Every structure is written in structure tokens, then in C-alpha cells.
Amino acid sequence: MPIGISLPIQVGNNGYFEQTLDTNSAYRVNLINLLNTVPGERRYNPSFGCRLWTTVFEPNDELLNIKVQNIIKEDISKWVGGVSVGEITILTNNPNGNTNLTDSYILYINVQFIITATNQTDNIELVIDNNV
């Protein structure tokens with residue numbers, strides 16, 4: 001039995017949109033959707049979204065990691081119930097080895113989440129890039 005719609009929205013084999021079929025996939029899609037939505041983007045729910053995009057132009061100092069972690073935890077607890085946030089890893093340099101990205105306005109974020117009902121753990125990798 002389908003639980004939700006998979007993102008990005010695509011037509012599946014049965015002619016309907018692709019759907020999530022298990023709890024882990026449904027929570028994963030919901031979290032990715034939340035973290036990639038800028039508040040004000042949703043027409044009829046303008047407060048929905050994650051405030052991560054406000055941190056892209058913040059100074060790249062030791063306080064940035066704390067601020068990003070707090071935003072992620074607060075916004076997930078506000079919008080996605082039944083999930084707790086585990087470890088959050090934030091890189092301000094490219095994981096491919098280029099370490100001179102302090103002025104590039106890119107954040108590489110890995111969020112570990114735990115589904116409280118099943119105690120399953122999963123990770124989401126996210127790139128916040130305002131250079132696009």
C-alpha cells in the first residue's frame with residue numbers, strides 16, 4: 001500500500017506518480033522536501049520550509065555550524081513529527097578535496113535522522129548552493 005508521493009515527481013510504471021511504499025522512504029522524502037523548501041515558497045503555506053537558505057551568506061566561522069544545526073533541528077521538529085535528528089555534519093569546503101571555498105557560499109550537509117516508531121536510522125546529504 002503506498003504511503004506518499006516520491007520526489008522528484010515522476011510518472012511511475014502504473015501511470016500514476018511514483019509513490020513511497022515504506023515508512024523509511026516516506027520520511028526521507030518528507031525531510032528532503034522540507035530541507036529544500038525556502039520559507040515563503042509555498043503559496044498557501046508560506047511558513048513551511050527550512051531556514052537554511054538564510055545561512056548561505058553568513059560568515060564562515062565557528063558559529064555557522066552551530067547555527068545551521070539549530071535551524072535543522074528546530075525546523076524538522078516543527079514540521080516532521082515522528083523523527084528525531086541525530087548527528088549533523090556540515091562542511092564549508094568541497095568534499096572532493098578543494099578546501100579554498102570560504103567565499104563560495106556553499107554548504108555540504110549530512111543529516112542523520114531516526115524514525116522513532118521503528119528506530120530506523122538513515123542519512124540525507126544536502127548541498128546548499130547559492131551560486132546556482
Side-chain angles (χ1 to χ4, degrees):
M1 190 86 194
I3 296 176
I5 295 178
S6 182
L7 293 176
I9 295 177
Q10 298 175 356
V11 177
N13 295 336
N14 58 3
Y16 297 103
F17 294 129
E18 283 189 24
Q19 301 168 340
T20 56
L21 301 174
D22 60 87
T23 306
N24 190 36
S25 298
Y27 275 110
R28 182 180 181 76
V29 167
N30 289 342
L31 289 171
I32 290 171
N33 184 34
L34 171 67
L35 295 175
N36 283 313
T37 302
V38 179
E41 185 177 338
R42 293 276 179 95
R43 185 176 187 110
Y44 294 108
N45 193 359
S47 60
F48 179 81
C50 189
R51 299 166 289 145
L52 280 175
W53 293 91
T54 62
T55 64
V56 174
F57 289 115
E58 292 289 321
N60 187 2
D61 58 10
E62 61 277 349
L63 297 177
L64 180 64
N65 285 355
I66 296 168
K67 185 174 184 176
V68 168
Q69 288 179 11
N70 289 338
I71 286 173
I72 290 171
K73 288 178 182 178
E74 290 169 7
D75 289 350
I76 287 176
S77 69
K78 178 179 179 180
W79 293 107
V80 183
V83 174
S84 60
V85 178
E87 185 178 346
I88 300 173
T89 307
I90 301 154
L91 298 174
T92 52
N93 53 15
N94 190 329
N96 298 333
N98 185 357
T99 57
N100 190 17
L101 295 176
T102 55
D103 293 329
S104 65
Y105 309 116
I106 299 174
L107 293 174
Y108 298 91
I109 303 169
N110 186 320
V111 179
Q112 179 190 53
F113 65 94
I114 301 129
I115 301 170
T116 54
T118 61
N119 207 25
Q120 285 183 295
T121 302
D122 200 354
N123 291 319
I124 296 173
E125 292 182 0
L126 179 68
V127 178
I128 303 296
D129 182 359
N130 213 28
N131 290 327
V132 178

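Please read all numbers here as calculations on a predicted model, not as lab measurements. Residue indices begin at 1 and follow the sequence shown.
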- Close side-chain approach of Leu107 to Val127, heavy-atom, < 4.5 Å: no
- Task: For residues Leu31 and Ile76, determine if any side-chain heavy atom of one lies less than 4.5 Å from a side-chain heavy atom of the other.
- Result: yes
- Which residues satisfy the side chain to side chain donor-acceptor pair (under 3.5 Å) test with Thr118, sequence neighbours excluded? Gln120
- Identify, with sequence neighbours excluded, every residue that meets side chain to side chain donor-acceptor pair (under 3.5 Å) alongside Arg51. Glu74, Asp75
- Task: Heavy atoms only: give me the nearest Val83-Phe113 pair and the separation to one decimal.
- Result: CG1-CB, 3.7 Å
- Message: Quick check: do Cys50 and Thr37 have side-chain heavy atoms less than 4.5 Å from each other?
- Response: no
- Neighbour count >12 (heavy atoms, 6.0 Å) for atom CD, Gln112: yes
- Query: Heavy-atom distance under 4.5 Å between the side chains of Ile66 and Asn70, does that happen here?
  - Reply: yes
- Message: Would you compute the distance between atom OG1 of Thr55 and atom CD1 of Ile128 and round it to the nearest 0.5 angstrom?
- Response: 7.0 Å
- Side chains of Leu52 and Val68 in contact at under 4.5 Å (non-hydrogen atoms): yes
- Query: With sequence neighbours excluded, what pairs up with Lys67 under the side chain to side chain donor-acceptor pair (under 3.5 Å) test?
  - Reply: Glu58
- Are Ile124 and Ile114 connected in a single hydrophobic cluster, I mean Ile/Leu/Val/Met/Phe/Trp/Tyr linked by side-chain heavy atoms less than 4.5 Å apart? no
- Note on the structure: Sequence neighbours excluded, the answer for side chain to side chain donor-acceptor pair (under 3.5 Å) partners of Thr116 is none
- Message: Is any side-chain heavy atom of Ile32 closer than 4.5 Å to one of Leu35?
- Response: no
- Item | Pairs meeting criterion salt bridge (Lys or Arg N to Asp or Glu O under 4.0 Å) with involvement of residues 25-48, two or more places apart | Arg28-Asp122
- Message: Under the side chain to side chain donor-acceptor pair (under 3.5 Å) definition, can you give me all pairs with a residue in residues 76-91, not counting sequence neighbours?
- Response: none
- Query: Any donor and acceptor pair, going by atom type alone, linking the side chain of Asn33 with main-chain N or O of Val29 inside 3.5 Å?
  - Reply: no
- Query: Just one of Val111, Leu64, Ile88, Ile109 clears the side chain to side chain contact (heavy atoms under 4.5 Å, CB included) bar with Gln69, so which one?
  - Reply: Ile88
- Item | Minimum heavy-atom distance Pro39-Gly49, with the two atoms named | CG-C, 4.0 Å
